[in-house]
Amino acid sequence: METILATTYPIHFNEKAYVELARIVKENNYSSIFIMVDDNTLECCYPRFIQNFQTESPIEVIQIDAGEIHKNIETCVGVWNAMTELGADRKSLVITLGGGVLTDLGGFVASTFKRGIDFINIPTTLLSMVDASVGGKTGVDLGVLKNQIGVFANPQMVLIDPEYLHTLSSREIRSGTAEIIKYGMTHDIHLFNEIKDNPNVNLVDLIHRSIEIKNEVVTEDPKEKGLRKVLNWGHTIGHAIESYFLENEHKEALTHGEAIAIGMVCEAFISSKTQGFSIEKTNEIKQAITAIYGKTIILPEDVQPIMELLKHDKKNESGIVKFVLLKDYEGFVINAEASSELIKESLAFYNK
Ligand code: GLY
């Protein structure tokens, strides 16, 4: 599988990636290597990783607790302290082995330790393979505010090994699939069609194409001044739904992908009302999403709190909720607006 070249780093796939990893580590002559894992990846991914990783540099493993709740500055302090006690210096390397929480937090820890040391991302979930590990966003949450603290910093390389996907539940795979569907609708409809028409699709090609698309977008707009906002297709309403289900004790939390899948249905509806997006395609999206993710019930009393959460979306400007909307498949507008009535109608459309 062909290497993808980001501006300052390569994204290598499969066996070749381990060869390249060994080469980069040798070339840079790192004084020590800190492999960051969480409880899950220590058990499920680390044995495969260490079997395939060849180096003469000393290795230390640093384990953090799994889960978004631990993606905070206290966890970073724990890691910085551990690295200091273990003698990390400016020639040390951090390798992150995990999902988006780990690659975001590990990249942040590395890029701030002694004003910045090298790091390499090894995403082990589908979601982090196609999204978090590429594009240079690192950081942690501040209380309930997601990714409030962080820096843009690029890794030395990204290693994609689809074998790690075998450690995931089908629900986690479906969560990542939503991001692939997202790239399909905005950039390459083939991705959406493959997933929609073929439940047993081989994910490896779709991962490669998704990363190619993300890389093209972030290369053009690394700091999200404009174009990069397209990566938030489905996320405006999706994030509000995700937060609402997470915070509401009477609801079962949704995965990120489940929430943004609902977001894509709602935002397709808004697109059909304001951007000329076809109603047939809107119905096609609703049908495909419901077939993959099932139906989540959004009750009448859920609507107002979801509307309130929309006000905190990070794309908002001067208090106005901003959307990515579709004119057609592979044709989008950013910074679009929609009335509150229309947003409520879109939730009703999903529910119908
Ligand atoms: N996950 C969206 C981005 O990287 O910009």
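These numbers were taken from a predicted model, which means no experiment stands behind them. Both ligands and their constituent atoms are indexed starting at 1 by order of listing. The figures that follow rest on heavy atoms only: side chains count, while hydrogens, waters and symmetry mates do not.
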Could you walk me through whether Val217 and Asp221 pass the side chain to side chain contact (heavy atoms under 4.5 Å, CB included) check? CA-CA 6 Å; Val217 171; Asp221 178 19; 5.6 Å; no
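The side-chain hydrogen bond (donor to acceptor under 3.5 Å, both in side chains) analysis of residues 144-153, with sequence neighbours excluded, yields the pairs Lys71-Asn147. The side-chain hydrogen bond (donor to acceptor under 3.5 Å, both in side chains) analysis of residues 116-130, with sequence neighbours excluded, yields the pairs Tyr30-Asp118, Thr96-Asn121, Thr125-Ser128.
Hydrophobic side-chain contacts under 4.5 Å tie Val77 into a cluster, directly or through other members, with Phe34, Met36, Ile62, Ile64, Ile73, Val79, Trp80, Met83, Leu86, Val94, Leu102, Leu105, Phe108, Val109, Phe113, Ile117, Phe119, Val140, Leu142, Ile149, Val151.
For ligand 1, the protein residues within 4.0 angstrom (heavy atoms only) are Asp131, Lys137, Lys214, Glu224, Arg228, Leu231.
Remark: the Thr75 side chain and the Asn72 side chain contain an N/O donor-acceptor pair separated by less than 3.5 Å.
No salt bridge links Lys214 with Glu179; every basic N to acidic carboxylate O contact stays at or beyond 4.0 Å.
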